[in-house]
Protein chains: 2
Amino acid sequence: MARIPDPTAKIALLRTATDVFAERGLEGAKVEDITRRARQSKGAFYLHFQSKEDAFRQVVEAFLARLADIYKSPKDFETLPASGAEVVRFWLERDEQMLEFLWQNRSVVTMVAGCQGQNAYLLDAFRLEVRRTCRAWVELSQKRGMMDSKLSSELVATLVCGAYDELCRQMIRSPRKPPILDWLRQTLAIFLRGLGTPTLLRALDRAHVLQARVLDAKTTSAKTPVNRSRGVAVSRRSLRPTYE
Amino acid sequence: MARIPDPTAKIALLRTATDVFAERGLEGAKVEDITRRARQSKGAFYLHFQSKEDAFRQVVEAFLARLADIYKSPKDFETLPASGAEVVRFWLERDEQMLEFLWQNRSVVTMVAGCQGQNAYLLDAFRLEVRRTCRAWVELSQKRGMMDSKLSSELVATLVCGAYDELCRQMIRSPRKPPILDWLRQTLAIFLRGLGTPTLLRALDRAHVLQARVLDAKTTSAKTPVNRSRGVAVSRRSLRPTYE
DNA sequence: GGAATTATTGACTGGTGAGTCAGTAACCTT
DNA sequence: AAGGTTACTGACTCACCAGTCAATAATTCC
């Protein structure tokens with residue numbers, strides 16, 4: 001009977017390809033480099049992938065698919081937090097989950113960030129998806145009287161996405177995972193103050209939320225496990241497991 | 001006697017190279033494409049540049065040099081605004097000047113954004129320069145009691161730079177120059193609210209600055225010409241004039 | 001018009017690397 | 001052990017393109 005494919009071959013190629021693409025970009029990466037590092041042959045590479053670009057696209061598309069399961073739209077939630085302290089806790093959890101995911105996939109994030117020319121659409125797809133979801137949250141917050149509705153939701157989404165994008169960039173360039181939760185607490189406080197309606201701000205002050213207490217690690221991440229999600233099926237095209 | 005060099009040849013090559021590099025990145029750009037569009041020969045290209053990469057670096061370094069003259073550190077200013085309304089006006093002018101400069105040089109900005117692999121240092125240099133200047137302003141604002149000094153200046157600089165970076169990105173992807181001043185007014189209001197000390201916020205409220213009035217175009221850009229700068233020599237390596 | 005000199009040209013060279021494919025290895029069945 | 005089938009190998013092909021350089025053009029002076 002026939003030879004059985006090596007089950008780890010494609011995984012090794014994808015993992016190594018991710019690293020080489022992250023370092024050098026699609027055009028700077030050599031198939032020879034990928035296959036040498038993965039201890040496979042070029043023939044094996046072309047057995048699993050149509051082309052170098054095909055491999056690149058598979059990595060990025062798998063990542064984008066999993067991102068959709070991490071960064072969810074308001075309509076994917078059955079219930080939403082009502083009180084001031086719950087709102088803060090809710091956002092810290094979501095933000096930390098998102099940054100944790102990006103940290104675990106920082107090679108792919110670097111790959112996506114480097115997409116240009118005829119692969120620019122992949123970076124565009126990533127940004128558009130994140131922006132759209134962020135905007136949906138902004139519009140809901142405005143509708144619920146938590147965020148200043150005179151502000152352009154498009155502009156607010158731009159600013160918030162840009163700020164978090166740069167946070168992510170700073171995180172990824174660190175050799176070790178930095179104190180993300182600390183960063184997120186200050187960031188959330190700034191945006192709540194900058195965007196929140198007087199109603200929300202009063203509620204947050206009453207709950208002493210914008211001071212150190214509720215934003216403290218002990219009252220946030222200790223109680224609720226990070227990465228808990230609900231209501232949506234897990235990613236179907238997760239080829240590369242996240243790793244540290 | 002000898003043949004006189006064509007004075008416009010290098011300019012044409014630089015201008016066209018900028019466009020091709022912006023579209024396809026350094027590695028995707030072909031010298032043949034550049035020279036054909038510029039109506040020059042490859043020999044002429046190599047007469048003016050050591051290599052394709054040399055041309056790329058000349059464009060980016062000239063841009064970074066001019067950026068230093070646009071986005072100045074606090075210590076480059078003789079006087080700084082004191083009152084609430086003056087602070088707002090000051091920042092709107094500076095922000096508009098910066099975005100105007102980036103708009104005029106949007107091809108180069110796209111080039112820089114695409115730097116990766118062994119050219120990543122150019123993007124790093126750009127980001128570091130902007131970040132460092134932003135952080136200097138943040139620290140001065142904190143020292144002058146205008147900005148919450150409990151906040152990490154590094155984090156604030158990260159968030160502000162990230163937000164404005166994304167604004168810039170949105171602007172650049174527009175076929176026509178969008179209403180930058182409108183964007184900047186809302187952005188500045190959000191960050192002043194998010195970061196300002198109670199003292200500054202009271203002063204701004206007293207001057208009705210965070211409402212539509214002082215942020216109105218008629219009281220800002222009409223009085224003070226944009227792009228006015230002082231005290232620092234103009235860029236020495238400005239090869240490519242800015243254009244629309 | 002010819003000479004001397006410098007600028008410019010674009011056919012050409014040589015290196016690179018994506019992708020191919022004939023040969024070999026690994027598997028199971030007979 | 002041999003046969004049939006599929007996975008895998010890595011030398012090889014060939015297209016591509018950065019960079020070169022012999023030939024030509026353009027200039028001024030005599």
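Order of the sequence lines sets the chain letters (A, B, ...), proteins ahead of strands, with each chain counted from 1.
The distance between atom CG of B:Asp6 and atom P of D:dA25, rounded to the nearest whole Å, is 17 Å. Spacing between atom OH of A:Tyr46 and atom C1' of C:dA22 amounts to 18 Å, rounded to whole angstrom units. Per the geometry, CZ belonging to B:Phe56 stands 16 Å off C1' belonging to D:dA18, to the nearest Å. Between the CG atom of A:Asp33 and the P atom of C:dG17 there is a distance of 8 Å, rounded to whole Å. Summarising the geometry, the separation between NZ on B:Lys10 and P on C:dA7 is reported as 14 Å, rounded to the nearest angstrom. Atom-to-atom, NE2 of B:His48 to P of D:dG19 comes out at 16 Å; the value is rounded to the nearest Å. The distance between atom CZ of B:Arg3 and atom C1' of D:dT27, rounded to the nearest whole Å, is 8 Å. Nucleotide C:dA18 holds its C1' atom 11 Å from the CD1 atom of A:Ile34, rounded to whole Å.
Heavy-atom distances to DNA chain C give each of B:Gln40 and A:Gln50 a nearest nucleotide, and the one nearer the 5′ end belongs to B:Gln40. Along DNA chain C, the nucleotide nearest to A:Ala29 and the one nearest to B:Gly43 differ in position, and the one closer to the 5' end is contacted by B:Gly43. Checking B:Ile4 against B:Lys30, the closest nucleotide of DNA chain D that is more toward the 5' end is the one next to B:Lys30.
Scanning atom types as modelled, no donor and acceptor separated by under 3.5 angstrom connect the side chain of A:Lys52 and the base of C:dG19. Interface remark: the A:Lys42 side chain does form a donor-acceptor pair with the C:dA18 base, using a distance-only criterion of under 3.5 Å.
By the 30° and 60° cut-offs, the orientation of the rings of B:Phe63 relative to B:Phe126 is tilted.
Taking 4.0 Å as the cut-off between side-chain N and carboxylate O, B:Arg66 and B:Asp69 do not count as a salt-bridged pair. A salt bridge does not link A:Arg37 to A:Asp19: none of the charged nitrogens lies less than 4.0 Å from a carboxylate oxygen. A salt bridge between A:Arg132 and A:Glu129 is absent, with no side-chain N of the basic residue lying under 4.0 Å from a carboxylate O of the acidic one.
In this structure, the nucleotide among D:dA18, D:dC8, C:dA18 sitting nearest to the side chain of A:Val31 is C:dA18. Listed nucleotides: D:dC8, D:dG19, C:dT9. Nearest to the side chain of A:Leu47: D:dC8. Residue B:Ser51 places its side chain closer to D:dG19 than to any other of C:dG19, D:dG19, C:dT8.
Side-chain atoms of B:Glu100 and B:Gln104 form a donor-acceptor pair, as typed in the model, at a separation below 3.5 Å.
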